Amino acid sequence: MAEDEVPPPPSPPLSTTLHRRLLALDAAVSHHLHALSSPFVPLPLLRLLEFSGDGRLWFPLSLSLLLSPYSFPSSNPLPLTLLIALLLDVVVIGLMKHLVKRPRPAYNAAMGRIIPVDHWSFPSGHASRVCAIASVLCLNHSGDDAVLVGVWVWAGVTAGSRVVLGRHYVVDVVAGLWIGVVVGFVADWIGRVYVLDLWTQRY
């Protein structure tokens with residue numbers, strides 16, 4: 001080897017290469033779905049779905065239900081469990097977004113028209129939130145099953161709209177769906193086992 005010859009840089013680890021390929025595939029599929037579906041889905045509908053899953057709507061709503069004079073946690077645990085789920089969701093999603101720091105899609109130009117809570121993409125907070133809400137409602141609902149079907153349809157459509165609107169990649173939404181379901185079940189367990197037991201013992 002000549003003295004002035006520079007050795008080639010070491011190859012990146014296989015795990016790094018695979019990770020980059022998966023991210024590139026996710027980005028390509030997400031962009032394809034966005035470009036294919038966005039011309040056929042009305043933007044006002046997408047904005048309405050976005051608003052329907054926003055925490056800035058659900059936090060005041062859950063607090064209003066909890067503070068209502070007709071709400072008693074011992075007989076109706078839904079408002080309390082819902083608030084616990086929303087708080088857990090904020091903590092888990094906020095922590096994961098801070099650790100991963102995946103930027104949102106570059107074609108998410110419309111984000112500038114709203115006030116974003118954050119600028120990170122993974123995981124989808126809307127997807128996790130709507131699934132957490134749907135899980136809590138499912139665990140605390142004893143009426144017509146058609147209502148639960150409607151809630152889960154709303155959650156699925158709202159989560160999918162995040163890709164169509166260009167806010168998130170597909171993997172962000174799928175991860176958010178699973179996180180939301182887990183958060184919903186954990187919140188229900190915390191609300192029933194700890195909070196409601198303490199409430200019953202005190203009152």
Side-chain angles (χ1 to χ4, degrees), residues 30 33-34 36-93 114 117 123-197 199-200:
S30 302
L33 292 174
H34 167 73
L36 186 66
S37 56
S38 56
F40 303 99
V41 183
L43 183 60
L45 175 60
L46 294 174
R47 292 286 176 82
L48 179 61
L49 290 171
E50 183 173 51
F51 175 73
S52 72
D54 200 308
R56 288 166 286 193
L57 166 67
W58 282 98
F59 268 107
L61 179 60
S62 63
L63 282 172
S64 299
L65 292 174
L66 183 62
L67 298 177
S68 169
Y70 303 102
S71 176
F72 300 97
S74 57
S75 59
N76 181 20
L78 176 60
L80 177 62
T81 307
L82 182 60
L83 181 60
I84 294 173
L86 293 172
L87 291 172
L88 281 177
D89 179 73
V90 167
V91 173
V92 173
I93 296 299
I114 65 172
V117 177
S124 169
H126 270 72
S128 66
R129 189 177 304 110
V130 295
C131 277
I133 293 169
S135 298
V136 168
L137 293 176
C138 182
L139 294 169
N140 290 272
H141 181 73
S142 58
D144 191 357
D145 290 341
V147 175
L148 297 181
V149 173
V151 169
W152 280 109
V153 169
W154 162 75
V157 172
T158 302
S161 70
R162 307 305 289 162
V163 177
V164 178
L165 196 55
R167 300 287 194 253
H168 290 280
Y169 300 103
V170 173
V171 169
D172 307 335
V173 172
V174 173
L177 292 174
W178 283 105
I179 293 170
V181 171
V182 173
V183 164
F185 275 83
V186 171
D188 185 74
W189 176 71
I190 292 175
R192 292 179 185 274
V193 174
Y194 290 99
V195 180
L196 290 182
D197 284 351
W199 180 277
T200 303

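No hydrogens, no waters, no symmetry mates; every other heavy atom, side chains included, goes into these values. Every value quoted in this text rests on a predicted model; they were computed, and no experiment measured them.
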Apply side chain to side chain contact (heavy atoms under 4.5 Å, CB included) to L65 and L80, showing your working.
-> CA-CA 8 Å; L65 292 174; L80 177 62; over 6 Å; no
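- For the atom pair OG of S52 and CG of L45, the computed distance is 9.0 Å after rounding to the nearest 0.5 Å.
- If you take CD1 on I133 and OG1 on T81, they are separated by 13.0 Å, rounding to the nearest 0.5 Å.
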Apply side chain to side chain contact (heavy atoms under 4.5 Å, CB included) to the pair W152 and C138, showing each step before the final yes or no.
-> CA-CA 9 Å; W152 280 109; C138 182; 4.0 Å; yes
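- The heavy-atom pair separating I93 from P123 by the smallest distance is CD1-CG, 3.5 Å.
- In this structure, S128 and G125 approach most closely via the heavy-atom pair OG-O, 2.9 Å.
- Side chains of V183 and L86 form no contact here, defined as non-hydrogen atoms less than 4.5 Å apart.
- Of the possible polar contacts, one joining the S30 side chain to the V170 backbone as a donor-acceptor pair under 3.5 Å is found.
- By the side-chain hydrogen bond (donor to acceptor under 3.5 Å, both in side chains) test, S37 pairs with no residue at all, sequence neighbours left out.
- Between the side chain of R129 and the main chain of G53, a donor-acceptor pair closer than 3.5 Å is present.
- Between L177 and A127, the shortest heavy-atom contact is N-CB, 4.1 Å.
- Here CG of L82 is found 11.5 Å from OG of S135. Values are rounded to the nearest 0.5 Å.
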Audit row: V157, L49, side chain to side chain contact (heavy atoms under 4.5 Å, CB included) steps and yes/no | CA-CA 8 Å; V157 172; L49 290 171; 3.6 Å; yes
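- Checked by atom type, the side-chain pair W58/S62 shows no donor-acceptor distance below 3.5 Å.
- With values rounded to the nearest 0.5 angstrom, S124 atom OG is found 5.5 Å from R162 atom CZ.
- Atom CG of D54 and atom OG1 of T158 lie 11.5 Å apart (nearest 0.5 Å).
- Between V130 and A155, the shortest heavy-atom distance links the atoms CG2-O, 3.6 Å.
- Put simply, the side chain of H126 gets close to the backbone of E50: a donor and an acceptor are under 3.5 Å apart.
- Remark: F59 CZ is packed, more than 12 non-hydrogen atoms of other residues, nucleotides or ligands lying under 6.0 Å away.
- In this structure a side-chain-to-backbone donor-acceptor pair under 3.5 Å is present from H34 to V164.
- Minimum heavy-atom separation, V136 to A85: CG2-CB, 3.7 Å.
- Of the possible donor and acceptor atoms, none in the side chain of N140 sits under 3.5 Å from a partner among the backbone N and O of L137.
- Atoms CG and CD1, on L87 and I190 in that order, are 10.0 Å from each other to the nearest 0.5 Å.
- Applying the side-chain contact (heavy atoms from CB on, under 4.5 Å) test to V182 and every residue at least two apart in sequence or in another chain returns V186.
- For L139 against G184, the heavy-atom pair with the smallest separation is CD1-O, 4.1 Å.
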